[in-house]
Amino acid sequence: SFMTDIKEGIDDFLTITDELFNAVIPPFVALLESVTPEREGFDFIQQLHIAGINIRWLGRIYKQVKEEKWKSYILMEMLTRVIKEQINILLKEEVVKRKTPGQALYKEEIVSKLNAVLAHNDLTKTCWQDIFIHLLYKFNVKIPLDFDTIEIPSLQENWR
């Protein structure tokens, strides 16, 4: 019956998820902690996929890794993906709004977004709050952000 199929599907999903969380991710974390992020020839994303782990589980890996270099590396990977996704959404919105193809027209939107990420002002604070909300949503990772004490390099002058 339909309900039996649904129950079996849910049971399969829970079994597979349990295996991922308990039999796949922990050995991958152990592998990470046996090497350094700088190790030549170690392709993090490739190794993640070889292990059968999707990018969406970076947050779970981040939470299990103890080594600070790996925590930083994984956090940067997650942040990069969130910012890239936000820029892609921004560009799609601009294409719809302007109804004009062509990359040159959208350069200012990309520069504006990167300035918001890298500057140190009220707009940057709002931008980072949004990034951290998306980080929580996408990877289930909550990072406390004390914006007043963090040093964010500004490249704004170089982009004019």
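Only this structure's heavy atoms are used, side chains among them; waters, hydrogens and symmetry mates stay out.
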Point-to-point distance, once rounded to the nearest 0.5 Å, from [atom1] of [X] to [atom2] of [Y]:
X    : Y    : atom1 : atom2 : answer
N88  : K113 : CG    : NZ    : 11.5 Å
K7   : D12  : NZ    : CG    : 10.0 Å
L20  : I25  : CG    : CD1   : 4.0 Å
E67  : S34  : CD    : OG    : 11.0 Å
C127 : N115 : SG    : CG    : 10.5 Å

Hey, does the side chain of [X] reach the backbone of [Y] with a donor-acceptor pair shorter than 3.5 angstrom?
X    : Y    : value
N22  : D18  : yes
E33  : K66  : yes
T124 : A116 : yes

Is [Y] close to [X] at the side-chain level, that is, under 4.5 Å between some pair of heavy atoms?
X   : Y   : value
E77 : I45 : yes
Q46 : H49 : no
Y62 : L58 : no

Verify the cluster assignment for [X] and [Y]: are they in a single hydrophobic cluster under the rule of side-chain heavy atoms below 4.5 Å apart?
X    : Y    : result
F13  : I16  : no
I74  : I55  : yes
I89  : L114 : no
L123 : V82  : no

Between R39 and T36, is the side chain to side chain contact (heavy atoms under 4.5 Å, CB included) condition met? List the steps.
CA-CA 5 Å; R39 180 177 157 199; T36 62; 4.0 Å; yes
Is the count of non-hydrogen atoms from other residues, nucleotides or ligands lying under 6.0 Å from K69 atom NZ greater than 12?
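Incorrect, the count does not exceed 12.
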Looking at E19, I'd like to know if its CD atom is crowded, meaning that more than 12 non-hydrogen atoms belonging to other residues, nucleotides or ligands lie closer than 6.0 Å.
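It does not: E19 CD has 12 such atoms or fewer within range.
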For Y73 and F44, take the angle between the two ring planes, folded into 0 to 90°, and tell me which bin it lands in: parallel under 30, tilted 30 to 60, perpendicular over 60.
perpendicular
Would you say the ring centroid of F28 lies under 6.0 angstrom from that of W70?
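No; W70 has its ring centre 6.0 Å or more from that of F28.
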Looking at the rings of W57 and F21, which for Trp means the six-membered one, are their centres under 6.0 Å apart?
yes
Under the criterion side chain to side chain contact (heavy atoms under 4.5 Å, CB included), which of I61, N54, L32 is the partner of L48?
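For L48, the side chain to side chain contact (heavy atoms under 4.5 Å, CB included) check succeeds only for I61.
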Are any of the side-chain nitrogens in K71 or E68 under 4.0 Å away from the carboxylate oxygens of its partner?
no
Give every donor-acceptor pair under 3.5 Å between a side-chain atom in residues 131-142 and any protein atom, sequence neighbours left out.
{"from": "H134", "atom 1": "ND1", "to": "Q86", "atom 2": "NE2", "distance (Å)": "3.2"}
{"from": "H134", "atom 1": "ND1", "to": "D130", "atom 2": "O", "distance (Å)": "2.8"}
{"from": "H134", "atom 1": "ND1", "to": "D130", "atom 2": "OD1", "distance (Å)": "3.4"}
{"from": "K138", "atom 1": "NZ", "to": "E85", "atom 2": "OE1", "distance (Å)": "2.5"}

